[in-house]
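Since the structure comes first, as structure tokens, the remarks are kept for the end.
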There are 2 protein chains.
Amino acid sequence: MSPTQARSTTTRARILSAAQAQFAKDGYERATIRAVASLAGTDPALVIRYYGSKEGLFAAATHFDLCLPSLDHVAHADIGETLVRHFLALWEGNPADPSLRILLRAAVTHAEAATRIRGLFAEQVLPAIRVVAPDRPALRAGLVASQILGLALCRYILEVPPLVDMKPDDVIACIAPTLQRYLAAPLDGGFTANA
Amino acid sequence: MSPTQARSTTTRARILSAAQAQFAKDGYERATIRAVASLAGTDPALVIRYYGSKEGLFAAATHFDLCLPSLDHVAHADIGETLVRHFLALWEGNPADPSLRILLRAAVTHAEAATRIRGLFAEQVLPAIRVVAPDRPALRAGLVASQILGLALCRYILEVPPLVDMKPDDVIACIAPTLQRYLAAPLDGGFTANA
DNA sequence: GTCTATAATTCGATAGAC
DNA sequence: GTCTATCGAATTATAGAC
């Protein structure tokens, strides 16, 4: 690789990293090409040159994988805790992946981001759930999504007390039983018969 | 009231109603003064004249009350169902109050809207919960917020299947036990001791 | 009380020099 | 490969006629 090409790839990477930071902080509309370029220490024109448009930059900034663990290798009574622990690690890991924060911030006003989130649960969470809960897996995945995304919204975006200040293990202790019920509750009793 | 004043107040009301519709549909940034004026059948300048600025218009468009029922008048085993049923009615009532949808759409990128949502739970949900659950009411209110807002996000904003197409009673049947546990679970066992 | 015209910014995106 | 300069469009907000 020639020196100019090497500088190019590092600049590209700096721009992408800056874009992720800006999208995560401000959402899609408020994040500007100019701010991204400034944070990356480069020029707005280069951002467009490398990623085509703001939409292209956003698409590049939100490619990722949930890396869900295989749920059939954990004790059936622990699948709820396993799931919430995995998601918390994804949000608070070192370094934390900004992709989920970006998608959640953007999805409420950005149709493509909303589609992406639906895709994450349909293509990654749902199959993992189907393995351990063959009955009504889509309903279970939707309920899991509502609690996981609601927790993320309150803890990381809205910063609702006391959720925002709780230790991860305490959050897990509160939320895990909910997910466990969504994943393992019998259809009669816990759930309605027609859902 | 003179005829001109009467026309003024109706125009004011039309603008406010149009603003609520636009904010609910597009979020804060994408909703424009022009679009609000157009929907209200009037002029962009009038919007500013009446509400001062876009921020002032937004503040006026999100004044409302959750109108929570008093939880100490329902059977203790039914408080979870009562809460989720009330929130669903708020979202899907006829006519549905757009305020919650506006706040949720805006809160992820609008600091004041996020503060408003925190205020709703702190000033209206928390006191109602304190009456029926004196131990750790703030924690319980936060957990309730995470599930209620997560449900609203998935059902009304992201339109996650199958949540978006479920009948209200089926949603209630799935979510009520979760809220019931958040509201009534003993601190040892259901929750961690240090949360 | 209402509207036309426009000021003042700010944005995404492009053209072209170096 | 990078940057300067700028275009064209959109926005909020204002000034002033009717």
Side-chain angles (χ1 to χ4, degrees), chain A residues 1-62 102 105-106 109-113, chain B residues 1-62 102 105-106 109-113:
Chain A
M1 187 183 291
S2 74
T4 54
Q5 280 174 334
R7 191 161 67 239
S8 165
T9 48
T10 59
T11 300
R12 248 186 106 97
R14 287 177 57 84
I15 289 174
L16 190 61
S17 177
Q20 289 180 325
Q22 289 296 102
F23 282 136
K25 174 171 163 288
D26 295 333
Y28 182 81
E29 290 87 1
R30 288 179 123 103
T32 66
I33 302 277
R34 284 166 161 80
V36 169
S38 175
L39 186 61
T42 180
D43 193 89
L46 268 188
V47 178
I48 299 293
R49 175 175 175 85
Y50 284 146
Y51 293 96
S53 67
K54 189 178 180 178
E55 282 290 332
L57 181 63
F58 181 80
T62 56
I102 296 173
R105 271 236 153 87
T109 54
H110 198 277
E112 193 193 337
Chain B
M1 188 184 291
S2 73
T4 53
Q5 279 176 337
R7 193 160 65 240
S8 165
T9 49
T10 59
T11 299
R12 246 187 107 97
R14 286 177 59 83
I15 289 174
L16 190 61
S17 177
Q20 289 180 324
Q22 289 296 102
F23 282 136
K25 175 172 162 288
D26 295 334
Y28 183 81
E29 290 87 1
R30 289 179 123 104
T32 66
I33 303 277
R34 283 165 158 79
V36 169
S38 174
L39 186 61
T42 181
D43 193 272
L46 268 188
V47 178
I48 299 294
R49 176 176 173 84
Y50 285 146
Y51 295 96
S53 68
K54 188 177 180 180
E55 284 289 334
L57 181 62
F58 181 79
T62 55
I102 296 173
R105 270 239 154 86
T109 55
H110 198 277
E112 193 194 336

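Throughout, protein chains are lettered first and strands after them, A, B, ... in sequence-line order, and every chain is numbered starting at 1. Everything quoted here is computed from the prediction, not taken from an experiment.
- For B:Asp43, taking side-chain heavy atoms from C-beta onward, the closest of the listed nucleotides D:dT2, C:dG12, C:dC3 is C:dC3.
- Side-chain proximity of B:Ala45 to the nucleotides C:dC3, C:dT14, D:dT11 is greatest for C:dC3.
- In this structure, B:Arg49 places its CZ atom 7 Å from C1' of C:dG1, rounding to the nearest Å.
- Proximity of a side-chain donor or acceptor of A:Tyr50 to a complementary backbone N or O of A:Leu57 within less than 3.5 Å is not detected.
- For A:Lys54 (side chain) and A:Tyr28 (main-chain N/O), a donor-acceptor pair under 3.5 Å exists by modelled atom type.
- Remark: B:Ile48 CD1 to B:Asp43 CG distance equals 10.5 Å, nearest 0.5 Å.
- If you check D:dG1, C:dT2, D:dC3 against the side chain of A:Tyr50, the one that comes closest is D:dG1.
- Side-chain proximity of A:Ile48 to the nucleotides D:dT14, C:dT14, D:dT6 is greatest for C:dT14.
- Between the CD1 atom of B:Ile15 and the P atom of C:dC3 there is a distance of 9 Å, rounded to whole Å.
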Let me check I have this right: for DNA chain D, each base becomes ., (, ), [, ] or |, based on Watson-Crick or G-U pairs with both distances under 3.5 Å. What is the full string? ||||||||||||||||||
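- Rounded to whole Å, the distance from CD1 on B:Ile33 to C1' on C:dT9 is 15 Å.
- Each of A:Arg34 and B:Pro44 was matched to the nucleotide of DNA chain C holding its nearest heavy atom; the match closer to the 5' end belongs to B:Pro44.
- Using a 4.0 Å heavy-atom distance criterion, B:Ala31 is classed as a sugar-phosphate-only contact.
- Here the P atom of nucleotide C:dC11 and the CD atom of A:Gln22 are 11 Å apart, to the nearest Å.
- Rounded to whole Å, the distance from CZ on A:Arg30 to P on C:dT9 is 20 Å.
- When distances run from any side-chain atom of B:Thr42 to the nucleotides C:dA13, C:dC3, D:dT11, the shortest one goes to C:dC3.
- Whole-Å rounding puts the A:Glu29 CD to D:dT11 C1' distance at 14 Å.
- Look at A:Thr11 and you'll find a side-chain N or O under 4.0 angstrom from OP1 or OP2 of D:dT2.
- Across all their heavy atoms, B:Thr109 and A:Asp26 have their closest contact at CG2-O, 3.3 Å.
- Between A:Tyr28 atom OH and C:dC11 atom P the separation is 14 Å, expressed in whole Å.
- The shortest distance between side-chain heavy atoms of A:Thr42 and A:Arg14 does not fall below 4.5 Å.
- Expressed to the nearest 0.5 Å, how far CD of B:Gln20 lies from CG of B:Leu39 amounts to 11.5 Å.
- Across all strands, B:Ala35 comes closer than 4.0 Å to no nucleic acid atom at all (heavy-atom distances).
- The aromatic rings of B:His110 and B:Phe58 sit tilted relative to each other, their planes meeting at an angle between 30° and 60°.
- Atom CG of B:Leu57 is separated from atom P of D:dT11 by 15 Å (rounded to the nearest Å).
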